[in-house]
Amino acid sequence: MKKKIKIKSEHFKEAPLVEREVSNKQLNRRNFIAFGAFTGLSALAYGGWRALYTSLVEVPGISKNARAPLRRALNQNELFMRRLFNRNQLVKTYPVSMAAKNVRQNSDIGIEGAFNPADWKLSVKKKNGETITFTMDDIKKLPKTDIVFDFKCVEGWDQIQHWGGVTFIDFLDHLGLHSEATAEYVGMMTPDKQYYVGIDMPSAIHPQTILAYEMNGKPMPVDHGYPLRLIIPVKYGIKNLKRIGTITFANTRPPDYWAERGYDYYSGL
Ligand SMILES: Nc1nc2c(c(=O)[nH]1)N[C@H]1C(S)=C(S)[C@@H](COP(=O)(O)O)O[C@H]1N2
Ligand SMILES: [Mo]
């Protein structure tokens with residue numbers, strides 16, 4: 001131990017002498033390299049930021065002014081999620097006894113003010129441009145499905161809720177909307193066009209996606225979307241549009257209220 005320390009101290013003694021001989025030349029060289037590297041990296045960082053800042057904004061109105069490279073990253077995330085998505089992978093369900101009696105009510109864009117059920121009808125715009133309409137009686141004749149699941153809102157709350165109606169796949173099937181089911185997206189809108197969502201078809205035809213008209217076994221209150229709302233357990237609450245007025249089909253993303261305000265278009269769970 002002693003020996004080692006001695007060697008070290010000798011080394012320290014001599015080192016500065018050796019260093020000093022070359023220090024001026026080396027220091028200049030090192031400074032030059034360091035300065036060059038700093039300038040180079042700064043230029044790169046600035047260039048990267050400029051490239052991002054001046055890059056194209058992707059599809060205006062679809063994703064709120066997202067810069068194309070950032071949108072590309074989000075799209076990659078979405079593709080990854082969509083590859084993982086499986087029609088047979090079901091969202092966890094619960095016994096009816098666990099469903100909330102006081103169902104939480106969130107925002108009411110597009111469903112504010114007085115509502116006259118007599119004025120309501122569901123319009124479905126077919127691929128051939130033809131629009132067909134349905135009444136609640138037409139819809140209630142279709143097979144009924146109930147679901148009790150954990151409803152999740154992006155704002156950070158969730159609640160076990162019980163909803164009933166016709167699954168979207170049964171709706172398409174029974175009404176002969178087979179060609180519509182081959183579209184890549186479904187668009188839904190409130191009758192006043194104030195709230196609207198776009199849903200990828202695999203999620204729309206997931207066996208737990210329901211055009212719901214019942215909450216806790218009874219017609220739902222107006223502030224929960226009466227007479228017909230979307231219940232889509234594979235998505236966050238934002239996609240569960242209340243009071244459906246029109247349904248459309250397209251191979252490009254239909255407008256989406258919250259995506260236009262910066263939220264993720266896919267919003268999958
Ligand atoms: N028409 C319409 N549908 C809507 C909304 C809305 O503001 N208007 N808010 C969404 C959001 S953010 C959530 S969390 C759920 C809430 O549904 P609830 O009020 O039945 O709890 O509805 C979704 N559907
Ligand atoms: Mo929400």
Side-chain angles (χ1 to χ4, degrees), residues 62-64 91-94 96 98-117 119-125 134 136 139 145-168 171 185-200 203-204 206 208-248 253-269:
I62 292 291
S63 44
K64 151 118 185 159
V91 167
K92 185 176 159 70
T93 55
Y94 298 82
V96 173
M98 282 181 74
K101 299 286 169 287
N102 290 319
V103 183
R104 197 162 164 163
Q105 196 274 329
N106 217 45
S107 47
D108 58 359
I109 304 154
I111 60 168
E112 293 156 277
F115 176 66
N116 182 359
D119 294 340
W120 183 92
K121 62 184 185 322
L122 176 67
S123 300
V124 176
K125 198 166 177 213
F134 302 96
M136 272 319 296
I139 292 159
T145 300
D146 279 76
I147 186 168
V148 181
F149 75 106
D150 193 13
F151 186 103
K152 298 183 179 77
C153 168
V154 283
E155 286 168 75
W157 58 267
D158 68 293
Q159 190 178 50
I160 296 173
Q161 299 176 348
H162 175 195
W163 298 93
V166 55
T167 63
F168 193 61
F171 174 82
Y185 292 94
V186 181
M188 293 190 189
M189 231 177 226
T190 53
D192 68 359
K193 302 181 170 59
Q194 293 301 301
Y195 196 82
Y196 37 91
V197 295
I199 314 263
D200 54 287
S203 300
H206 182 275
Q208 292 171 309
T209 300
I210 296 173
L211 298 181
Y213 47 82
E214 278 184 14
M215 186 183 88
N216 288 331
K218 288 186 291 259
M220 70 196 76
V222 168
D223 60 0
H224 283 293
Y226 179 85
L228 190 71
R229 77 172 295 176
L230 180 64
I231 286 293
I232 181 161
V234 296
K235 300 282 190 199
Y236 277 107
I238 45 176
K239 295 283 188 184
N240 291 244
L241 182 132
K242 298 189 277 192
R243 196 187 297 168
I244 308 169
T246 56
I247 301 181
T248 56
R253 289 175 165 182
D256 186 278
Y257 184 89
W258 284 113
E260 286 171 6
R261 285 153 183 83
Y263 283 80
D264 180 39
Y265 192 95
Y266 190 65
S267 285
L269 280 164

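Counting convention: from 1, in listed order, for ligands and their atoms alike.
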key: ligand 1 to S107 polar contact by distance, N or O atoms, under 3.5 Å   = yes
task = Write out the residue and atom name of the closest protein heavy atom to atom 10 (C) of ligand 1, then the distance separating them to 0.1 Å.
result = Y195 OH, 3.4 Å
message = Taking the six-membered ring of Y257 as reference, does the cationic atom of R261 (NZ for Lys, CZ for Arg) lie under 6.0 Å from its centre and within 45° of its axis?
response = yes
task = Only heavy atoms count here, so choose which of G225, G110, A100, G237 is nearest to atom 11 (C) of ligand 1.
result = G237
query = Tell me, which protein residue and heavy-atom name are nearest atom 12 (S) of ligand 1, and how many Å apart are they?
reply = I238 CG2, 3.6 Å
query = Would you say N102 has more than 12 foreign heavy atoms packed within less than 6.0 Å of its CG?
reply = no
request  = Please could you name the atoms of ligand 1 that C153 approaches to less than 4.0 Å, counting only its heavy atoms?
outcome  = 14 (S)
query = Short N/O distance, under 3.5 Å, between N106 and ligand 1?
reply = yes
ask   = Heavy-atom distance under 4.5 Å between the side chains of H162 and V103, does that happen here?
value = no
task = Output yes when the distance from some N or O of ligand 1 to some N or O of E155 is under 3.5 Å, and no in every other case.
result = no
Shortest protein contact, atom 19 (O) of ligand 1 (heavy atom only) = K242 NZ, 2.5 Å
request  = Look at the rings of F151 and F149 and say which category their plane angle falls in: under 30° parallel, 30 to 60° tilted, over 60° perpendicular.
outcome  = tilted
task = Answer with side chain, backbone, both or neither: which part of Y236 has a heavy atom less than 4.0 angstrom from an atom of ligand 1?
result = neither
remark   = atom 8 (N) of ligand 1 sits nearest the protein heavy atom I109 O, 2.7 Å
ask   = Are side-chain heavy atoms of Y226 and W120 found at a separation under 4.5 Å?
value = no
key: Main-chain N/O of Y266 paired with D256 side-chain donor or acceptor, under 3.5 Å   = no
task = Please confirm whether the backbone N or O of S203 pairs with a side-chain atom of D200, one donor and one acceptor, at under 3.5 Å?
result = yes
query = Does Y257 come within less than 4.0 Å of ligand 1, judged by its heavy atoms?
reply = no
key: Short side-chain donor-acceptor distance under 3.5 Å, W157 and Q159   = no
ask   = Which residue owns the protein heavy atom closest to atom 24 (N) of ligand 1, what's the atom, and how far is it?
value = N240 O, 2.9 Å
inquiry  = Closer than 3.5 angstrom, by distance alone: can the side chain of Q208 be matched with the main-chain N or O of V91 as a donor-acceptor pair?
reply    = yes
message = Heavy atoms only, cut-off 4.0 Å: how does D108 contact ligand 1, side chain, backbone, both, or neither?
response = backbone
task = Using a strict 4.0 Å cut-off to heavy atoms of I111, name the atoms of ligand 1 that fall inside it.
result = 1 (N)
query = Quick check: does T190 get an N/O under 3.5 Å from an N/O on ligand 1?
reply = no
Heavy-atom proximity to atom 17 (O) of ligand 1, best of R104, Q105, R229 = R229
inquiry  = Quick check with a 6.0 Å cut-off and a 45 degree axis cone: is K239 positioned over the face of Y236's six-membered ring?
reply    = no
